[in-house]
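Input: a single structure, listed below in structure tokens.
In what follows, chains are A, B, ... by sequence order, proteins preceding strands, each numbered from 1.
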Amino acid sequence: MSKITDRYAIVGVGESERSKNSGVTPLHLALDAAKAAISDAGLAAKDIDGFMSYNENDSCTSHQLATNLGVRPKYVKDILGGGSSTELLIADAISLIESGELNTVLIFRSMNGRSGSRMGGGGWDSNMLQQNIDGGSYIIPYGAASPGQWFGLFATRHMYETGITQEHLGHVCVSFYEYAQRNPKAFFHGKPLTIDDYLNTPHLSYPFTKHDFCLESDEANAIIVTTAERARDCKQKPVYVMGMSSRQCHPHSHYWSDLSQVASDYVAPEVYRSAGVKPEDIDVASIYDCFSWVVLRQLEAFGFAPRGEVGDFVAEGNLRIDGKLPTNTAGGMLSEGYTHGMNNVLEIVRQLRHQYGATDRQVNNCEIGISTGWAGPDIAGAMILRN
Amino acid sequence: MTYQKPIPLKNIDNAPYWDAADHHELKLQKCSDCSNYNHPPGPGCAKCGSTNLTWENFGGDVEGKVYSYIISYRPFLPGFQNDIPLVIAQVELDNVKDVRIIANIIDCEAKEVEIGKTVKMVWEDITDDRALPQWKIIE
Ligand SMILES: [Zn+2]
């Protein structure tokens, strides 16, 4: 266990409306999400003294959000980043509270991910991409400009080495789409996917079909973190942070040298040590799912199935609500919505609170959950939570 | 017709690689302290941090094996509309095992591509003075 184990908690979560075209700016979405999280926690805006967010130059600032909540914050921070930024900022918030500088921190991600700046949408200036991406001149002239292509190189090799098949990728998608059918707010609610449908879908970028890519949505999410002591006065059952390994790296040059390792491999032992638990203690998971394969690779990294057996693990239905590791139970980024991971964290908090009660959405008796973040094969993080 | 696809931009770190490519040769950055190759090149060695770096010329006869690949059925950048399906491969070099070079496999059907296939480096003359290394299946 670590020094912070069980001493900090997530006390509020909230989201804006989710759509394909919000018709408003990210600031409006952020304000809706922040108010929902503050209300969920039973706090007032003035109780929040730190505001943090992550963005890809596609959002509003923490300062703007605080101003529009009528609050003068003691601390604001906006970082450039995507996957694993939620875990990173929660760790930063805990550090600042631990140091005595802050009491309660609100972390948000707000984006018009569908109607505004689209991750997978193209339209980027090629020279800008070459200059801004590490090793850009070695990929952009070859037409490799999307994460689906970059991660695809890892996926093809990993599938070749471990026997993961197209059908195994399909089982990840089918499992998550099944959750979306129980979640009326999920983008793909009412659009179920069978394994036959999946296998009949053409490749968009081999080995990925459109189902293997995360979706794009306009939405904002917010999370409130404070001390365990203050959490006891909040409205909801606190969800405690047991352990973290908030962001680890693997050299970027591995795109040209080593496809066998990913940053998650370094995160896993640290997060379990920090929380003082093992993979078999985890009841529910939020596994970063920008692509179906990324889930399979992380299941291996985090020890949920041995290398070579991960495909069978998902084919046996273990990601489903009655499986060994119910995962991305609101549908994940493949079928619910996409805020670079934060929507999956909101869901695991609700599961650990047992907020879905006796409905078919609640994972029975879940006590401990893991949330993983993946910015790429070279940057990843994770945290373990409990109720 | 002028070349529509992105042209590799030279900078302080990669210029020797692309200058060599323009002459249809492969040059790789190498660390003088730990003897590892450093690709993509940079001011410091990714293996040991040394800034004592030199360049080694492998000439114009470069072969390797397909280590991994993807096949893109949609152009993600302007200029690639006529190259679909586009094969992007990572190739393990026969004489430098710890460096793999990403390029397109040209003049091949998507279904021909497999991990382990032998390829050789060829250079496409994309403008009057620029050339782009590519892979071609030779067996
Ligand atoms: Zn070195």
Side-chain angles (χ1 to χ4, degrees), chain A residues 118-161 201-210 213 249-260 291 293 378, chain B residues 3 5-11 13-15 17-18 21 28 36-42 45-47 66-80 83-90 92 96-104 110 113-116 124 126 130 132-135:
Chain A
R118 295 174 65 182
M119 285 299 287
W124 302 100
D125 177 73
S126 298
N127 286 347
M128 182 278 288
L129 289 174
Q130 269 201 65
Q131 283 159 339
N132 287 307
I133 297 172
D134 271 321
S137 76
Y138 298 101
I139 47 177
I140 300 301
Y142 299 104
S146 96
Q149 297 168 314
W150 308 330
F151 301 175
L153 288 170
F154 283 79
T156 303
R157 181 70 195 185
H158 184 245
M159 291 166 75
Y160 170 83
E161 287 181 3
T201 306
H203 289 117
L204 198 59
S205 178
Y206 173 86
F208 301 144
T209 73
K210 67 176 182 182
F213 280 71
C249 298
H250 191 52
H252 74 259
S253 61
H254 73 318
Y255 277 98
W256 290 270
S257 61
D258 182 10
L259 296 186
S260 65
F291 298 93
W293 170 79
D378 50 350
Chain B
Y3 189 69
K5 294 185 272 189
I7 294 170
L9 295 175
K10 294 179 187 179
N11 62 35
D13 297 316
N14 70 17
Y17 180 97
W18 291 112
L28 292 173
N36 283 299
Y37 291 91
N38 199 44
H39 187 79
C45 171
K47 297 276 169 27
V66 174
Y67 189 79
S68 191
Y69 64 95
I70 64 112
I71 305 166
S72 201
Y73 292 90
R74 179 184 285 184
F76 285 89
L77 286 174
F80 288 90
D83 293 347
I84 302 302
L86 176 73
V87 180
I88 301 169
Q90 203 208 44
E92 185 171 59
V96 187
K97 290 294 180 197
D98 55 347
V99 174
R100 304 195 180 102
I101 303 287
I102 296 172
N104 304 127
V113 184
E114 270 174 37
I115 287 175
E124 283 185 315
I126 56 175
R130 297 299 306 274
L132 186 68
Q134 294 285 27
W135 296 112

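- With a 4.5 angstrom heavy-atom cutoff, A:Leu204 touches chain B via backbone and side-chain atoms both.
- B:Trp18 and A:Tyr138 have parallel rings, their planes meeting at less than 30° on a 0 to 90° scale where 60° marks the start of perpendicular.
- A donor-acceptor contact shorter than 3.5 Å links the side chain of A:Thr156 to the backbone of B:Tyr69.
- Closest heavy-atom contact between A:Ser146 and B:Phe76: CB-CD2, 3.6 Å.
- The two residues B:Phe80 and A:Ile140 make their nearest non-hydrogen contact at CZ-O, 4.1 Å.
- Ranked by heavy-atom pairs under 4.5 Å with chain A, the list B:Ser72, B:Ala89, B:Pro6 is led by B:Pro6.
- Contacts between A:Gln149 and chain B at a heavy-atom distance below 4.5 Å involve backbone atoms as well as side-chain atoms.
- Separating the CG atom in B:Leu9 from the CG atom in A:Asn127 is a distance of 4.5 Å, to the nearest 0.5 Å.
- Side chain of B:Arg74 to main chain of A:Ser205: no donor-acceptor pair is present (N/O by atom type, distance under 3.5 Å, no hydrogens or angles).
- The contact between B:Ile7 and chain A is made entirely by backbone atoms, counting heavy-atom distances below 4.5 Å.
- The salt bridge (charged side-chain N to carboxylate O under 4.0 Å, His left out) check on B:Asp98 picks up nothing, with sequence neighbours excluded.
- Of all the heavy atoms in A:Tyr142 and B:Leu86, the pair that sits closest is O-CD2, 3.5 Å.
- Ranking A:Ser137, A:Ala155, A:Ser126 against chain B, the residue ahead of the rest is A:Ser137, based on heavy-atom pairs under 4.5 Å.
- Of the possible polar contacts, none joining the B:Gln90 side chain to the A:Phe154 backbone as a donor-acceptor pair under 3.5 Å is found.
- Interface remark: B:Pro85 contributes no atoms to any contact with chain A (heavy atom separation under 4.5 Å).
- Of the listed residues B:Val87, B:Asn104, B:Leu132, B:Ile126, the one with more heavy-atom pairs under 4.5 angstrom with chain A than any other is B:Asn104.
- Of the listed residues (B:Asp83, B:Asn11, B:Asn14), the greatest number of heavy-atom pairs within a distance under 4.5 Å of chain A belongs to B:Asn14.
- In summary, the aromatic rings of A:Tyr206 and B:Tyr73 are positioned with their centroids too far apart to meet the 6.0 Å limit.
- Both the backbone and the side chain of B:Ile70 have a heavy atom closer than 4.5 Å to some heavy atom of chain A.
- For NZ of A:Lys210, the number of neighbouring non-hydrogen atoms (other residues, nucleotides, ligands) closer than 6.0 Å is 12 at most.
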